There are 2 protein chains.
Amino acid sequence: MISPIQVRDMTPRHLRNSCVNCSLRELCLPIGLSQDEMSELDKLITQARPIKRGEALYRAGEPFRSLYAVRLGFFKASVISEDGREQVTGFHMSGELLGMDAISTDVHTCDAIALEDSEVCELPFSDIEDLSRDVPLLQRHLHKVMSREIVRDHGVMLLLGNMKAEERLAAFLLNLSQRFAVRGYSSSSFHLRMTREEIGSYLGLKLETVSRTLSKFQDQGLIKVQNRLIELENIDSLKKLLNTCHDE
Amino acid sequence: MISPIQVRDMTPRHLRNSCVNCSLRELCLPIGLSQDEMSELDKLITQARPIKRGEALYRAGEPFRSLYAVRLGFFKASVISEDGREQVTGFHMSGELLGMDAISTDVHTCDAIALEDSEVCELPFSDIEDLSRDVPLLQRHLHKVMSREIVRDHGVMLLLGNMKAEERLAAFLLNLSQRFAVRGYSSSSFHLRMTREEIGSYLGLKLETVSRTLSKFQDQGLIKVQNRLIELENIDSLKKLLNTCHDE
DNA sequence: ACGATGAATTGATTTTAATCAAACCAGAGG
DNA sequence: CCTCTGGTTTGATTAAAATCAATTCATCGT
């Protein structure tokens, strides 16, 4: 049986061959399924579906049928307000689950757009529910994954409600860094898949502010920026930017 | 059997007597359980627990065992960042469910503080999971409730990321108004249970800005403010404040 | 290789909300 | 009834980020 640790340390390349593995990281990884349960799960998962850069995996308003596990690539999820303002609610990379917002109304409430050529596994939600009735570990894990999304959202609220531009950017870069690290990529050097405007939308800033703040970090020797390539040169100082208490 | 509409229209007073009813609105209301299933559910629910104004229902760091359905009263939920900044993540009133963030790690990540004398039903989560394996409608509904929380959080992100102070306040007041209405209270006249500072924390504003903005609304004849008593005098104009597109 | 296009940077200015500061008010307890 | 306290309002000033505007840069297709 595959232990959580083993899979967690696998490089993305290793994850490519099995669709079960792809969905494992977020949906059903740390749960120790039996062989039988694994193969049940396997049946559930349809062929991997490729999504080209710029394409939508789904859009707000479309009927909800499935969750999607990102197998490969990079997505942004965003909501559009009635008056047309976009708010990016998250960036999602391999192993993460998309579409949980849609369960509540059986209609997608976000757009999910691929920011690079990507692949997803489609997980029909009614199958997940059926299976999770028979496999308590899966049930438990589904709940954890949804809860984790709520916790993540609370973190973003804290960021948007309390932090200054510099802190937001620092938090953003450190978060990306950490997530790349988990996936076996460099934590200190990575390529941003999104525009400054999309970063700004996520962080509640205008694109000019994002650009300026990145430049400032560069001037301070914290990072190196070459267009979308970011190198973190002083992670500790970035972290200090976050922990420094400003008020009271 | 109780239809959703019936219960939805019940006044809070009617909801007092049965603990099942209290948790119905959010957790298991719109699902049409059989009598048997209802009584199963009933067993699960422990005695209502009173929480005095100012007391914590739970605090971040405490082990997670149960979700809580607010039976009566008013709560704020808030996260504290490492450096001590508070972000109110939500206000919760009767019929709403608290604690879903804790499922992910089995530890509470928020504080939940009563803003007036309140009562909650404790719903041991392992019981919910057990029961929801046998009662698909409950399973489905639990998923919907968690998903709704995610959608709600996305709405807050949109508010924090995109809106100006006036829009945030307008959205906040209209949201409260609507939620009071659903519970059979006046939608145009209500008492704020929270301080200006708590409103500000939720909306990503300082308390002075909240106060000033309320005063401005009053000057414009949109609302009347007498300390914590709010009267909405021109709901349409408040809504217009939201829908008006400012950029592009 | 070259122009076109979308993205990013940088500067100048304005707007917005935060901050600092000083009253003011309402309710609780003696 | 009065005082104390926490909460609120309001004003003056400052700080932060948005906005407006102009280049510059990078990529892609021809």
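Bear in mind the structure is a predicted one, so any value in this text is a computation, not a measurement. Note on naming: letters A, B, ... go to the chains in the order of the sequence lines (proteins, then strands), and numbering restarts at 1 for each one. What's counted below: heavy atoms across the whole structure, side chains too, no hydrogens, waters or symmetry copies.
Heavy atoms of B:Gly204 sit under 4.0 angstrom from primed sugar atoms or phosphate atoms, though from no base atom.
Straight-line distance from the CE atom of A:Met194 to the P atom of C:dA8: 11 Å, rounded to whole Å. For A:Leu192 and C:dG6, the CG to P distance is 21 Å, given to the nearest whole Å. The CG-P distance, from A:Leu229 to C:dA8, rounds to 13 Å in whole Å. Between A:Glu167 atom CD and C:dA18 atom P there is a gap of 14 Å when expressed in whole angstrom units. For A:Gln218 and C:dT9, the CD to C1' distance is 11 Å, given to the nearest whole Å. A:Asp219 places its CG atom 8 Å from the P atom of C:dT10, with the value rounded to the nearest Å. Straight-line distance from the CZ atom of A:Arg228 to the P atom of C:dT9: 10 Å, rounded to whole Å. Spacing between atom CD1 of A:Ile199 and atom P of C:dT9 amounts to 9 Å, rounded to whole angstrom units.
The nucleotide whose nearest atom lies closest to any side-chain atom of B:Val225 is, among D:dT19, D:dT9, C:dA7, D:dT9. Distances were taken from every side-chain heavy atom of A:Lys164 (C-beta onward) to each of C:dA17, C:dA7, D:dA16; the shortest belongs to D:dA16. Closest to the A:Asn227 side chain, of the nucleotides D:dA26, C:dA26, D:dA17, is D:dA26. Of the candidate nucleotides D:dT8, C:dA18, C:dT9, C:dA18 has the atom nearest to the side chain of B:Leu205.
The backbone N or O of B:Glu231 sits nowhere less than 3.5 Å from a side-chain atom of B:Ser188 that would complete a donor-acceptor pair. A donor-acceptor contact shorter than 3.5 Å links the side chain of A:Ser201 to the backbone of A:Val88.
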A:Tyr185/A:Phe190 under ring pair (Phe, Tyr, Trp, His ring centres under 6.0 Å): CA gap, chis, key distance, verdict: CA-CA 8 Å; A:Tyr185 295 109; A:Phe190 48 84; over 10 Å; no

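The phosphate of D:dT19 has OP1 or OP2 within less than 4.0 Å of a side-chain N or O from A:Lys206.
Contacts classified as salt bridge (Lys or Arg N to Asp or Glu O under 4.0 Å) and involving residues 152-161 of chain B (residues at least two apart or in different chains) are given here: B:Glu149-B:Arg152.
Using a 30° and 60° split on the angle between ring planes, A:His108 and A:Phe64 fall in the perpendicular class, above 60°.
Of the residues in residues 207-217 of chain B, those lying under 4.0 Å from DNA chain C by heavy-atom distance are B:Glu208, B:Thr209, B:Arg212.
Taking the side-chain hydrogen bond (donor to acceptor under 3.5 Å, both in side chains) definition, one finds that A:Thr109 meets it with A:Asp101, sequence neighbours left out.
Partner of A:Glu116 under the side-chain hydrogen bond (donor to acceptor under 3.5 Å, both in side chains) criterion, out of A:Arg193, A:His191, A:Arg53: A:Arg193 alone.
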